[in-house]
Amino acid sequence: MRLLPGHLDLAAQRALRDRIHALLAEAPLYRPTMPGGDKTMSVRMSNCGPLGWLTDRAGYRYADRHPETGRPWPAIPDALIALRDTVTGLPYRPEACLINRYDAGSRLGLHVDQDEGDFSAPVVSVSLGDQALFRVGGATRKHPTRSLRLSSGDVVVLEGESRLWFHGVDRIYPGTSTLLEGGGRLNLTLRRVTTAPSG
Ligand code: MD3
Ligand code: FE
């Protein structure tokens, strides 16, 4: 796992924030339901790209449409495609960008991202807005964990073994950024979903 602190400067963070806000007007944030349908998540979500990750009572999966509007997800902004190329050195396009929106009390339990068909492709994460206490462990739930604060503009690259490590977000630190109106945090994760073409 590679942490690139402050990879995006303030101008880049503002430009990306504005792109994401425009995109969320097309594909509104929704509150996902956990498999089984008994619980909802405290993180709201949306996606851009040909595919988007979602969860509802039927389970976790990738789908080509927004679960509430029924419309295809909007395109991934060029700046995010370029960022991914820069930080991974790999040319193939990400297929999904999951947008997580955290409010002051939101958290994300320890989990592994394993709904993709290709674990060899890195996942790239971009943080915007309030700081988050991020926790990362190892290949099993029992593995000791480390905690680190992610700040606005930080980029994390999950590659190699770390691609399948347990991770989650324990808490948000309200009032630590003025980037987002009303506070809170956005996290964007760029993902390859189907098998990457060789070369
Ligand atoms: C480590 N998002 O969307 S981003 C997720 O801050 C997710 O919203 C968190 O976990 C967030 O699935 C963490 C950093 C991250 C993303 C994917 C990973 C860390 C990861 C995949 C493997 C290991
Ligand atoms: Fe994850």
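What you see is a predicted model; the values in this text were computed from it and never measured. Atoms within each ligand, like the ligands themselves, are counted from 1 in listed order. The first residue in the sequence is number 1, and the count goes up from there.
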Quiz item: Counting heavy atoms not belonging to Arg17, are there more than 12 under 6.0 Å from its CZ?
Solution: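 More than 12 within 6.0 Å, yes.
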
Practice problem: Measure from NZ or CZ of Arg163 to the centre of the six-membered ring of Phe119, then state whether that distance is under 6.0 Å and the direction lies within 45° of the axis. | Solution: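 Not satisfied by the 6.0 Å and 45° rule.
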
Exercise. May I have the step-by-step check of side chain to side chain contact (heavy atoms under 4.5 Å, CB included) for Glu95 and Thr194, ending in yes or no?
Key: CA-CA 8 Å; Glu95 295 167 298; Thr194 63; 2.7 Å; yes

So is there a nitrogen or oxygen of [X] less than 3.5 Å from a nitrogen or oxygen in ligand 1?
X      : answer
Arg163 : no
Ser125 : no
Ser162 : no
Trp165 : no

Quiz item: Any side-chain heavy atom of Arg101 sitting closer than 4.5 Å to one from Val43?
Solution: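 No. Closest side-chain heavy atoms not under 4.5 Å.
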
Contact between [X] and ligand 1, counting heavy atoms under 4.0 Å?
X      : result
Ala132 : no
Val169 : yes
Arg191 : yes
Val156 : no
Met1   : no

Quiz item: What is the closest protein heavy atom to atom 2 (N) of ligand 1, and at what distance does it sit?
Solution: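 Closest protein heavy atom to atom 2 (N) of ligand 1: Asn100 ND2, 3.5 Å.
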
Quiz item: For atom 13 (C) of ligand 1, what is the nearest protein heavy atom, given as residue, atom name and distance?
Solution: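 It is Phe134 CE1, 3.6 Å.
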
Quiz item: What's the atom name of the N, O or S in His167 nearest to the Fe ion (ligand 2)?
Solution: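 This turns out to be NE2.
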
Practice problem: Give the atom name of whichever N/O/S atom in Asp113 sits closest to the Fe ion (ligand 2). | Solution: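 That would be atom OD1.
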
Quiz item: Can you tell me if Ser177 uses its side chain to pair, donor with acceptor, with the backbone of Ser152 under 3.5 Å?
Solution: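 Here the side-chain-to-backbone pair does not exist.
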
Quiz item: Backbone N or O of Gly6 within a donor-acceptor pair of the Asp154 side chain at under 3.5 Å?
Solution: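 Such a contact is found between Asp154 side chain and Gly6 backbone.
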
Quiz prompt | For ligand 1, the portion of Ser127 having any non-hydrogen atom under 4.0 Å away | solution =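 Answer for Ser127: neither.
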
Exercise. Would you kindly say whether Tyr62 and Glu116 are connected by a side-chain donor-acceptor distance under 3.5 Å?
Key: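 Checked: Tyr62/Glu116 side chains pair up, N/O donor to acceptor below 3.5 Å.
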
Quiz prompt | Proximal candidate to atom 20 (C) of ligand 1 [heavy atom criterion; set Leu186, Leu133, Leu158] | solution =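 Nearest option to atom 20 (C) of ligand 1, by heavy atoms: Leu158.
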
Self-check item: Minimum non-hydrogen distance to atom 11 (C) of ligand 1, winning option of Phe119, Trp53, Tyr102
Solution: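 Shortest heavy-atom distance from atom 11 (C) of ligand 1: Tyr102.
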
